[in-house]
Amino acid sequence: MIISKEKAKELLKLSVQVNNGLTDTSGDGATLVFDKKYGIMFCAYMPGRQGRYGESRGRIALSYFPASQPTNIRFVTIAEGDDVYCHNALGMGEGRVRVFYEKNSHAEGDHNWCYKDYDFLHDTLSEEQTVYVKHPDGEKEPLTLSVQFRYLEERGYHNHTYLKTEQIGHCGYFRDEYSVAYGACVSYLAEPILFRSYDDGATVEFFAVYPKPAQYEFEYKLLGDRICAIYRTNKDINAIGYSFSDDGGVNWAEPEFFKNSIQCRPRIINYDGTVLMCCNYFNDDTQNRPSIQQGRTSVCIFYGEERIPVADLYSKCGLVNVSLCDILNDIYFAYSTSELALEYQNGNPAVRGKDAVRYVKLGDLIPKE
């Protein structure tokens, strides 16, 4: 079906807040993971204080609930302190989820990537572990910015060298049909590094570089032998880009840019044998392009590499840093609201903030002839 703005308005009224409204006055960056065996949806996010830019750095949280009835929600604090930031999540089956995050993302020098495992059947949270990079010679070392930058420099990329205080960046983990996990490292305006993992992300192996700089966010999925990628470009381009590789990441097609897209976290998932992509956009008729990353009110979801629009979502309270999950061809959608941020005026950053993480079933988005 095609979800129009009118239909979306009614659907979004059914959304449920899935961050802890009693203790979290804001929520940033939902990441959805579905456990097929138990029908449980996990949502990793960054809670924080409302009305403060950068409010979500310093804590990583996890909520979980029945995917089809998100009313009995439980909450777990995964990590806090040390300027933790930039969460990712990977479902491990059997009611377990692995949540990744970055340490010391505002600090000078190296930042490392860590993870903890949560088991909802036994309500247990593991000790913090460090993510390692395995090199072709078999040697391992912690995944940090310097390791990432060294890999890029060895391949002739030097755009990143003046930004050593920026974070490793955001990319959603995913699995292929053989249970190999994939993801990417992204620093601010550096070329993204693609990696694979044979142990649920505890150890990663770099295998390719996307040859153009991304601004914080880069996601990709495998579609047969093709790697399909969507990313947030630099400020000069100021759009969301799409590209692909048919040779394992050695060569990439010139990127195509989404019309009227806005610099915010784009998403891509496997869906119905193709890809489903989404990004924020602005109204071309009114030229109503928001001036800040937080104040986004419209999202378009596209089916296939031909980018057929299948959903046009709008909320006056904001649709920010969205996430998609496919369960039996029904799409589930999470997002952050940003009502205060929509009132943001340059020079008055005190009103910045996000209000909630919300979750709703959008349904079957496969285009019908």
Side-chain angles (χ1 to χ4, degrees), residues 18-20 24 27-47 56-67 70 72-105 111-134 140-144 147 167-176 178-185 195-205 219 269 323 325 327 332 334 357 359:
V18 293
N19 65 319
N20 193 338
D24 306 338
D28 186 9
T31 299
L32 296 177
V33 174
F34 178 62
D35 188 290
K36 294 181 179 179
K37 182 173 182 179
Y38 293 99
I40 297 294
M41 185 73 80
F42 295 94
C43 180
Y45 65 96
M46 296 180 291
S56 16
R57 298 192 192 218
R59 188 173 164 216
I60 307 296
L62 182 74
S63 63
Y64 59 98
F65 44 87
N72 184 17
I73 308 174
R74 306 291 180 87
F75 303 95
V76 181
T77 295
I78 299 296
E80 56 187 337
D82 295 328
D83 202 16
V84 294
Y85 187 57
C86 210
H87 61 287
N88 299 270
L90 180 68
M92 302 169 68
E94 300 295 332
R96 298 173 301 148
V97 63
R98 179 162 287 179
V99 181
F100 301 85
Y101 52 93
E102 182 184 349
K103 299 287 288 291
N104 305 310
S105 64
H111 311 158
N112 61 298
W113 221 340
C114 300
Y115 67 89
K116 291 182 182 179
D117 296 337
Y118 181 70
D119 181 342
F120 95 93
L121 292 177
H122 303 95
D123 191 22
T124 57
L125 183 66
S126 73
E127 295 294 322
E128 181 177 274
Q129 302 292 328
T130 298
V131 177
Y132 282 82
V133 177
K134 182 179 179 180
K140 297 181 182 179
E141 61 180 322
L143 173 56
T144 64
V147 173
Q167 71 262 23
I168 290 174
H170 184 93
C171 174
Y173 280 81
F174 68 98
R175 293 182 185 276
D176 65 11
Y178 308 106
S179 295
V180 180
Y182 292 85
C185 306
F195 62 71
R196 63 175 66 91
S197 174
Y198 299 93
D199 58 5
D200 300 315
T203 307
V204 303
E205 300 178 15
E219 288 208 334
I269 64 170
S323 185
C325 186
I327 304 177
Y332 291 77
V357 177
Y359 166 87

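Since the structure is predicted, the reported quantities are computational estimates derived from the model, not experimental observations. When a residue number appears, it is its place in the shown sequence, counting from 1.
If you look at Y332 and F34, their ring centroids are not closer than 6.0 Å.
With sequence neighbours excluded, the residues forming a side-chain contact (heavy atoms from CB on, under 4.5 Å) with S197 are A181, D199, V204, listed by chain and number. Taking E128 as the reference, K103 meet the salt bridge (Lys or Arg N to Asp or Glu O under 4.0 Å) condition, with sequence neighbours excluded. Residues that satisfy the ring-ring contact (aromatic ring centres under 6.0 Å, His included) test with Y173, not counting sequence neighbours, are F100, F195. Remark: D117 engages R98 in a salt bridge (Lys or Arg N to Asp or Glu O under 4.0 Å) (not counting sequence neighbours). The salt bridge (Lys or Arg N to Asp or Glu O under 4.0 Å) test applied to E94 returns K37, not counting sequence neighbours. Every salt bridge (Lys or Arg N to Asp or Glu O under 4.0 Å) that R175 has, sequence neighbours left out, goes to D200.
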Between N88 and T31, is the side-chain contact (heavy atoms from CB on, under 4.5 Å) condition met? List the steps. CA-CA 7 Å; N88 299 270; T31 299; 5.8 Å; no
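Below 30°, between 30° and 60°, or above 60°: for F42 and Y64 the angle between ring planes is between 30° and 60°, a tilted geometry.
In this structure, E102 and N112 have side chains that are not in contact, with every pair of non-hydrogen atoms separated by 4.5 Å or more. With a 4.5 Å cut-off on side-chain heavy atoms, E205 and Y198 count as touching. Annotation: side chain of C185 is in contact with side chain of L143 (closest heavy-atom distance under 4.5 Å). With a 4.5 Å cut-off on side-chain heavy atoms, M41 and I327 count as touching. Looking only at side-chain heavy atoms (C-beta outward), D119 and R96 come within less than 4.5 Å of each other.
Pairing each heavy atom of V99 with each of Y101, the nearest pair is O-CD2, 3.8 Å. Between N19 and F75 the shortest heavy-atom distance is C-CE2, 3.4 Å. Contact record, A30 with V357: CB-CG1, 3.7 Å, taken as the closest heavy-atom pair. Listed here is the closest heavy atom pair of P70 and F65: CB-CD1, 3.4 Å. The heavy-atom pair separating A79 from V84 by the smallest distance is O-CG2, 4.0 Å. When all heavy atoms are compared, the tightest approach of V97 to A89 is CG2-CB, 4.3 Å.
Taking OH from Y359 and OG from S323, the interatomic distance works out to 10.5 Å, rounded to the nearest 0.5 Å.
H87 places a side-chain N or O within donor-acceptor distance of the main-chain N or O of G29, the cut-off being under 3.5 Å. With hydrogens and angles disregarded, a donor-acceptor distance shorter than 3.5 Å links the side chain of S63 to the backbone of V18. Between the K134 side chain and the T203 main chain, no donor and acceptor come within less than 3.5 Å of each other. Side chain of D35 to main chain of G95: a donor-acceptor pair is present (N/O by atom type, distance under 3.5 Å, no hydrogens or angles).
A side-chain donor from one of D123 and Y118 sits under 3.5 Å from a side-chain acceptor of the other.
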